[in-house]
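For reference, positions follow the sequence shown, starting with 1. Just follow the structure's listing: the first ligand is 1, and inside any ligand the first atom is 1.
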Amino acid sequence: MPRDARILGIESSCDETAAAVVGNGRTILSSVVASQIDVHRKYGGVVPELASREHLRRIVPVVREALDQSGLTLADVDAIAVTRGPGLIGSLLVGVTFGKALAQAKAKPLIAVNHLEGHVRAVVVEALGAGQAPELPAVCLIVSGGHTVLYSVEQDEPGAIEAAPFRYARIGQTRDDAAGEAYDKVAKMLALGYPGGPVIDKLAAQGDPSAVHFGEPHMKGNPYDFSFSGIKTAVLYHLRAHPELELESRTRQAALEQGKRRAAELLPLCGPHTLGLLASFQRAVVTNLVAKTLAAAQQWAARSVLVSGGVAANRELRETFAAEAKRRGLAVFFPSLALSTDNAAMIAAAAYPRLLAGELTGDDLNAEAVLPLA
Ligand code: KG4
Ligand code: ZN
């Protein structure tokens with residue numbers, strides 16, 4: 001296989017239909033993401049059946065647009081990469097089936113990619129774009145609405161980071177909710193709309209992070225595992241103990257129903273107590289994520305820390321990681337906001353070393369709802 005390869009990536013594991021073209025695992029030629037947030041918002045979460053239908057509706061125009069923006073045609077593309085899992089099975093099947101059909105029709109190699117490896121490669125491809133190659137070994141925190149997991153990342157073979165396969169070991173993972181899920185549930189309890197992360201991120205900046213004390217989760221066993229269901233329940237109990245907060249939530253609910261869902265519109269409807277609760281919640285989640293990741297980085301003698309997934313867009317998480325990693329002399333890498341959440345550039349980038357290694361998939365490719373990376 002020639003090393004020069006432009007790969008068309010397709011991603012449909014959850015609620016974003018995405019396609020992208022990436023050159024040689026390092027140059028993003030196009031990246032198109034069709035978000036379904038507006039479809040799922042009124043249900044306060046992703047409805048799998050609706051997600052599959054939306055993928056089916058969007059996949060052809062999204063792939064076409066990704067090709068158009070890259071200035072290439074399907075004939076120019078050297079391979080097709082598709083997310084095999086983990087994710088919602090009905091959603092994954094749309095991308096897998098479409099990718100298989102395209103690869104067959106155009107006689108192109110097909111590469112199956114693990115969505116989680118995509119999140120790791122999202123950080124690498126953008127670091128390279130900024131002229132920096134993260135040094136390995138690294139630890140990678142993937143933190144989103146569906147995942148909170150820590151991996152060690154190593155490269156066994158010499159070679160450029162974008163071309164060499166990575167070896168992963170799982171260091172820890174959440175035992176219950178993903179961090180993004182906790183954000184979304186807390187936002188629901190407080191009538192802050194869906195998804196909760198971006199709004200809580202902005203409102204928390206206006207509150208006192210020491211207003212409410214949340215204890216550390218008591219966990220036996222692996223010290224690098226996470227747990228976020230306790231803090232979610234603590235927020236619920238706090239609300240029950242303070243009926244005035246629930247009253248305030250009702251005014252926000254009415255505002256949401258009128259389509260007012262931007263943080264700037266909700267801020268005047270949040271008193272200092274609510275803002276303090278949000279700031280304290282965010283501080284507790286961020287402190288926990290940063291502390292465990294940096295402890296793992298030390299234990300695994302990592303030279304860099306990679307942080308990816310929807311929650312990696314969080315401002316306080318970025319600032320805290322940057323400050324704490326600097327104190328320890330560690331380099332920390334985040335993707336841009338666009339590549340933090342689900343996208344297909346990360347899938348095309350992850351496929352490149354696999355294409356070079358000849359790891360192609362055949363007609364028997366199936367989607368896998370559960371697919372551990374390690
Ligand atoms: O990676 P993603 O788009 O989808 C998956 O879950 O795979 O992540 C979406 C999650 C949601 O739970 C959302 O609330 C959270 O990421 N999120 C944030 C922020 N932006 C998105 N959480 C905290 N702060 C943010 N700025
Ligand atoms: Zn994801």
[X] heavy atoms, cut-off 4.0 Å: which ligand 1 atoms fall inside?
| X | value |
| --- | --- |
| Thr341 | 1 (O), 3 (O) |
| Gly180 | 12 (O) |
| Gly146 | 6 (O) |
| Pro195 | 14 (O) |
| Ser144 | 1 (O), 5 (C), 6 (O), 7 (O), 8 (O) |
| Gly145 | 5 (C), 6 (O), 8 (O), 9 (C), 10 (C), 12 (O) |

Item to check | Side chains of Glu359 and Ile111 in contact at under 4.5 Å (non-hydrogen atoms) | outcome: no
Run the salt-bridge test on [X] and [Y] with the 4.0 Å N-O cut-off and return the result as yes or no.
| X | Y | value |
| --- | --- | --- |
| Glu49 | Arg53 | yes |
| Arg303 | Glu135 | yes |
| Arg261 | Glu265 | no |

Which residue owns the protein heavy atom closest to [atom], what's the atom, and how far is it?
| atom | answer |
| --- | --- |
| atom 22 (N) of ligand 1 | Gly197 CA, 3.3 Å |
| atom 15 (C) of ligand 1 | Val311 CG2, 4.0 Å |
| atom 24 (N) of ligand 1 | Asn314 ND2, 2.9 Å |
| atom 26 (N) of ligand 1 | Asp201 OD2, 2.9 Å |
| atom 8 (O) of ligand 1 | Gly310 CA, 3.3 Å |

Next on the checklist: Quick check: Tyr194 with Tyr43 (ring centres under 6.0 Å apart)?
Outcome noted: no
Checklist outcome for this item: Given the options Lys292, Arg175, Gln173, Asp225 meets side chain to side chain donor-acceptor pair (under 3.5 Å) only with Arg175
N or O contact, [X] vs ligand 1, cut-off under 3.5 Å:
| X | answer |
| --- | --- |
| His115 | no |
| Asp184 | yes |
| Arg315 | no |

Checklist entry - Does any donor atom in the side chain of Arg283 or Ser280 lie under 3.5 Å from an acceptor atom in the other side chain? => result no
Checklist entry - Can you name the N, O or S atom of Asp342 that is closest to the Zn ion (ligand 2)? => result OD1
Item to check | Atom of Pro86, atom of Leu92 and distance for their closest heavy-atom approach | outcome: C-CD1, 4.1 Å
Checklist outcome for this item: Tightest non-hydrogen contact, residues Ala178 and Thr148, listed as CA-OG1, 3.4 Å
Next on the checklist: I'd like to know: is the Zn ion (ligand 2) within the 2.8 Å range of an N/O/S atom from His119, strictly under that distance?
Outcome noted: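 Looking at His119, which is the residue asked about, there is an N, O or S atom under 2.8 Å from the Zn ion (ligand 2).
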Checklist entry - Measuring to the Zn ion (ligand 2), does His147 have an N/O/S atom at a distance below 2.8 Å? => result no
Checklist entry - Side chain, backbone, both or neither: which part of Cys14 comes within less than 4.0 Å of ligand 1 when only heavy atoms are counted? => result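 The answer is neither.
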Checklist entry - Which bit of Asp342 is near ligand 1, meaning a heavy atom under 4.0 Å away: side chain, backbone, both or neither? => result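 Answer for Asp342: both.
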Item to check | Neighbour count >12 (heavy atoms, 6.0 Å) for atom CZ, Arg328 | outcome: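 Enclosed.
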Next on the checklist: Determine whether a donor-acceptor pair (N or O, by modelled atom type, separation under 3.5 Å) exists between the side chain of Arg121 and the backbone of Ile347.
Outcome noted: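 Checking the backbone N and O of Ile347 against the side chain of Arg121, no donor-acceptor pair under 3.5 Å is found.
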Next on the checklist: So, taking the atom named CE in Met189 and the one named CG in Leu245, what distance separates them when rounded to the nearest 0.5 Å?
Outcome noted: 12.5 Å
